[in-house]
Amino acid sequence: MSETQLPQITLVRHGETAWSRSGQHTGRSDIPLTPAGEDAARTLAPRLAERTYAAVWSSPSSRAVTTCALAGFGAGRVIEPDLAEWDYGAYEGRTTKDILTERPGWRLFRDGCPGGEDAADVGARADRVIARLRALDADLILFSSAHVLRVLAARWIGLPPEGGALLVLGTASVSVLGYEHDRSEPVLRGWNG
């Protein structure tokens, strides 16, 4: 079977927000796209139109929903709650630099967030999404946020949720999960493009 016949999952990180620009952790806060983020989302449309998708899933956040719509996929979108960004709890709206002043050595993927989620929590959500993706066995496109997509990709290729720390995602980026020779070999086909 040719690799082009195997399903591919396209991951799209939302466009820029004021908090993504400043480096503030944006989990459950509903921060809208900046004008630059909206423009970047629109530029995704021709790239993403090259494939046909059996389903379009989005995080419930307005930044993901808006990116999805501006990229041309708003009409068929289904909200997938498990694609919600990491719950940062007490660290919501704070930068890593700020957190490190009171908690030296802190790392999100290793330490999690007080009053929020840790990597295992996000990994459990990612595993549920992956189970549904594999059951559908079709090309799908997902719109969400950086950290949850990083954990999803790590779990796709068999890494622990903490493995998402190794995968950086820019705003309005496109990544592709898929397989190499058959469905027993999940791989990252493209990352952070």
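Bear in mind the structure is a predicted one, so any value in this text is a computation, not a measurement.
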So which atom in I157 and which in P186 form the shortest heavy-atom distance, rounded to 0.1 Å? CG2-O, 3.8 Å
For R13 and L169, indicate whether the former's side chain and the latter's backbone hold a donor-acceptor pair under 3.5 Å. yes
Any chance you could measure T66, atom OG1, to H14, atom NE2, to the nearest 0.5 Å? 11.0 Å
Looking only at non-hydrogen atoms, find the nearest pair between R183 and Q5 and report the distance. NH2-O, 4.5 Å
Which pairs would a plain distance check flag for residues 41-50, meaning a side-chain donor or acceptor within less than 3.5 Å of a matching protein atom at least two apart in sequence or in another chain?
| from | atom 1 | to | atom 2 | distance (Å) |
| --- | --- | --- | --- | --- |
| R42 | NH1 | D39 | OD1 | 3.1 |
| T43 | OG1 | A40 | O | 2.7 |

Where do G15 and L33 come nearest, in terms of heavy atoms and distance? O-CD2, 3.2 Å
For T34, which residues count as a side-chain hydrogen bond (donor to acceptor under 3.5 Å, both in side chains) partner, sequence neighbours excluded? E16
Return yes if some donor-acceptor pair links the side-chain N/O of R94 with the main-chain N/O of H25 below 3.5 Å, else return no. no
Gap between atom CZ of R189 and atom CD of E180 - 0.5 Å precision: 7.0 Å
Taking only residues two or more places apart in sequence or in another chain, which ones pass salt bridge (Lys or Arg N to Asp or Glu O under 4.0 Å) with D111? none
D30 meets the salt bridge (Lys or Arg N to Asp or Glu O under 4.0 Å) criterion, sequence neighbours left out, with none
Can you tell me which residue pairs pass the side-chain hydrogen bond (donor to acceptor under 3.5 Å, both in side chains) test with a partner in residues 70-81, sequence neighbours excluded? E80-R132
Judged by atom type as modelled, is there a donor-acceptor pair below 3.5 Å linking the side chain of S144 to the main-chain atoms of L83? yes
Show the nearest heavy-atom pair for residues T26 and S20, with the distance to one decimal. OG1-N, 4.4 Å
Residue list, salt bridge (Lys or Arg N to Asp or Glu O under 4.0 Å) with R110, at least two apart or on another chain: none
Side-chain heavy atoms nearer than 4.5 Å, only ILVMFWY residues, links allowed to pass through others: does that put L142 and V174 together? no
Sorted by first residue and then second, give each ring-ring contact (aromatic ring centres under 6.0 Å, His included) pair with at least one member in residues 34-58; sequence neighbours left out. Y53-F73
In one Ile/Leu/Val/Met/Phe/Trp/Tyr side-chain cluster, 4.5 Å: V56, L149: no
Mind listing the closest non-hydrogen atom pair of R150 and F109 along with its distance? NH2-CE1, 3.7 Å
Give me the one residue out of T95, L100, T96 that meets side chain to side chain contact (heavy atoms under 4.5 Å, CB included) with D98. T95
d(T52 OG1, D139 CG) to nearest 0.5 Å is 8.0 Å
Residue set satisfying ring-ring contact (aromatic ring centres under 6.0 Å, His included) with W19, at least two apart, ordered chain then number -> none
Who passes side-chain hydrogen bond (donor to acceptor under 3.5 Å, both in side chains) against S58, sequence neighbours left out? none
Measuring from Q8:CD to R51:CZ, what's the distance to the nearest 0.5 Å? 4.0 Å
Contact summary for R63 and S29, nearest pair of heavy atoms: NH1-O, 2.9 Å
So, taking the atom named OG in S61 and the one named CZ in R28, what distance separates them when rounded to the nearest 0.5 Å? 10.0 Å
Tell me whether F143 shares a hydrophobic cluster with L133, the cluster being built from Ile, Leu, Val, Met, Phe, Trp, Tyr side chains joined at under 4.5 Å. no
Given the rule that I, L, V, M, F, W and Y join up when any side-chain heavy atoms are under 4.5 Å apart, are L136 and L6 in one cluster? yes
Would you check if the side chain of W191 reaches a backbone N or O of V168 as a donor-acceptor pair within less than 3.5 Å? yes
Identify each donor-acceptor pair in which a side-chain atom of residues 84-91 lies under 3.5 Å from a protein atom, sequence neighbours left out, and give them as a table.
| from | atom 1 | to | atom 2 | distance (Å) |
| --- | --- | --- | --- | --- |
| E85 | OE1 | V148 | N | 2.8 |
| E85 | OE2 | Y88 | OH | 3.3 |
| E85 | OE2 | H147 | N | 3.1 |
| W86 | NE1 | E117 | O | 2.9 |
| D87 | OD1 | G89 | N | 3.0 |
| Y88 | OH | H147 | ND1 | 2.5 |
| Y91 | OH | R103 | NH1 | 3.2 |

Evaluation steps, side chain to side chain contact (heavy atoms under 4.5 Å, CB included), between I79 and V65: CA-CA 8 Å; I79 298 298; V65 168; 3.7 Å; yes
Linking Ile, Leu, Val, Met, Phe, Trp and Tyr through side-chain heavy atoms less than 4.5 Å apart, which residues share a cluster with V187? none
Decide whether V12 and L140 are clustered together by the hydrophobic rule: side chain heavy atoms of Ile, Leu, Val, Met, Phe, Trp, Tyr closer than 4.5 Å, transitively. no
Under the salt bridge (Lys or Arg N to Asp or Glu O under 4.0 Å) test, residues paired with D127 that sit two or more places apart: R155
